[in-house]
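Worksheet for the structure shown next.
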Amino acid sequence: MLQPLRRSFYNRPTLTVARELLGARLVHMLNGVRLAGIIVETEAYIGEADLACHAKAGRTARTAIMYGPPGHAYVYFTYGMHWLLNAVTETENSPAAVLIRAIQPVEGIEIISARRHGRGTNGPAKLTLALGIDGAQNGLDLCDPASGLWIEPGHPIPEKSVTIGPRVGLNSVPEPWKSMPWRFIVSPNQQA
DNA sequence: AGCACGATGCTCT
DNA sequence: GAGCATCGTGCTT
């Protein structure tokens with residue numbers, strides 16, 4: 001088993017982390033079994049000034065984790081039924097995170113497929129359900145294997161295979177935040 | 001292939 | 001009380 005990405009990986013500008021998480025391997029231990037997928041889509045949410053970022057409301061019970069040290073999981077509940085997974089980035093008191101939006105399953109594929117009733121893992125709420133990630137994982141240290149949730153190095157994705165564009169689902173977020181090109185995708189035809 | 005809509009409950013105003 | 005970093009269904013092209 002590879003070592004989880006170290007805290008120094010997350011303690012960098014959020015756009016850098018979001019870009020470099022493409023191709024990395026997200027791992028969750030569920031009932032003693034490794035469930036894992038290659039990250040193929042991410043989005044950056046950066047600080048209180050970013051009106052799309054939850055930290056725009058300042059430090060609250062929900063956002064506190066983003067104000068903590070980098071390399072921790074920020075898992076939140078939305079739309080009354082979905083859990084979304086983020087990796088906290090940048091130094092303490094600098095609230096920012098990378099949303100994991102899609103994975104390509106590589107380990108525990110049978111279990112993942114069953115948990116999804118045969119459907120895909122190309123969505124932020126789809127992959128959390130697939131890997132068994134929910135509020136119980138909020139705040140876990142992604143740099144400590146004992147947490148059961150971490151990210152391992154993968155194959156680097158070349159620039160020509162990456163598509164960059166605006167973040168999605170920000171319907172009532174004002175400009176310029178709504179259109180900032182802070183979404184990173186491994187081009188669909190490059191996803192093995 | 002694409003759009004409209006309902007589900008369902010937490011967070012912040 | 002409004003809005004939400006979404007998803008699946010069902011209907012229209």
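In what follows, every chain begins at residue 1, and chains take the letters A, B, ... in the order their sequences are listed.
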Inset, instruction - Quickly work out the A/L129 CG to B/dT8 P distance and round it to whole Å. - result: 15 Å
Inset, instruction - Would you classify A/A52 as touching base, sugar-phosphate or nothing, given that sugar-phosphate means primed atoms plus P, OP1 and OP2, and contacts are heavy atoms under 4.0 Å? - result: base
Legend entry - Side-chain donor/acceptor of A/Y76 to base of C/dA5, under 3.5 Å: yes
Inset, instruction - Examine C/dT9: is either OP1 or OP2 under 4.0 Å from a nitrogen or oxygen in the side chain of A/R119? Give yes or no. - result: yes
Inset, instruction - Looking at every strand, decide which applies to A/R167 at a 4.0 Å heavy-atom threshold: base, sugar-phosphate, or nothing. - result: nothing
Legend entry - Whole angstrom value for the distance that separates P of C/dT6 from CD1 of A/I133: 16 Å
Legend entry - Separation of atom NE2 in A/H82 from atom P in B/dA7, rounded to whole Å: 13 Å
Inset, instruction - Mark this stacking check for A/Y45 against C/dA5 as yes or no, applying ring centres under 5.5 Å and ring planes under 30°. - result: yes
Legend entry - A/E152 and A/R34 ion-paired at < 4.0 Å: yes
Inset, instruction - Figure out the CZ/C1' separation between A/F77 and C/dG3, and round it to whole Å. - result: 14 Å
Inset, instruction - Only stems of 3 or more consecutive Watson-Crick or G-U pairs count here, both distances under 3.5 Å; name the ones for DNA chain B, or none. - result: B:1-7 with C:6-12, B:9-12 with C:1-4
Legend entry - Test: A/R7 cationic atom under 6.0 Å from A/F9 six-membered ring centre, within 45° of axis: no
Inset, instruction - Select base, sugar-phosphate, or nothing to describe what A/L99 touches, counting heavy atoms under 4.0 Å on all strands. - result: base
Inset, instruction - Whole angstrom is fine here: how far is it from CG in A/N138 over to P in B/dC10? - result: 15 Å
Legend entry - A/E41 bridged to A/R183 by N-O distance under 4.0 Å: yes
Inset, instruction - From the options C/dG8, B/dA7, C/dT6, select the nucleotide whose nearest atom is closest to the side chain of A/L84. - result: C/dT6
Legend entry - Distance in angstrom units between A/Y79 OH and B/dC12 P, rounded: 16 Å
Legend entry - Separation of C/dC7 P from A/H117 NE2 (nearest whole Å): 15 Å
Legend entry - A/T14 (side chain) donor-acceptor with A/E90 (main chain) under 3.5 angstrom: no
Legend entry - Polar contact flag, side-chain donor to acceptor under 3.5 angstrom, A/S187-A/T163: yes
Inset, instruction - Please tell me which of the listed nucleotides, B/dT8, B/dC12, C/dT6, lies nearest to the side chain of A/A125? - result: C/dT6
Legend entry - Minimum-distance nucleotide to A/P124 side chain [options: C/dT6, B/dT13, B/dT8]: C/dT6
Inset, instruction - In plain terms, say whether A/E48 and A/K56 are close enough for a salt bridge, that is, a side-chain N and a carboxylate O under 4.0 Å apart. - result: no
Inset, instruction - For the pair A/H54 and A/Y76, name the ring-plane relationship: parallel under 30°, tilted 30 to 60°, perpendicular over 60°. - result: perpendicular
Inset, instruction - Using only side-chain N and O atoms of A/T60, determine if any of them is under 4.0 Å from OP1 or OP2 of B/dC12. - result: yes
Inset, instruction - Please report, rounded to the nearest Å, how far the C1' atom of C/dT6 is from the CG atom of A/N86. - result: 14 Å
Inset, instruction - Determine: side-chain N/O of A/K178 to OP1/OP2 of C/dA5, distance under 4.0 Å, yes or no. - result: no
Inset, instruction - Run the salt-bridge test on A/R167 and A/D50 with the 4.0 Å N-O cut-off and return the result as yes or no. - result: yes
Legend entry - Along DNA chain C (nearest heavy atom to each residue), the more 5'-positioned of A/R116 and A/H54: A/H54
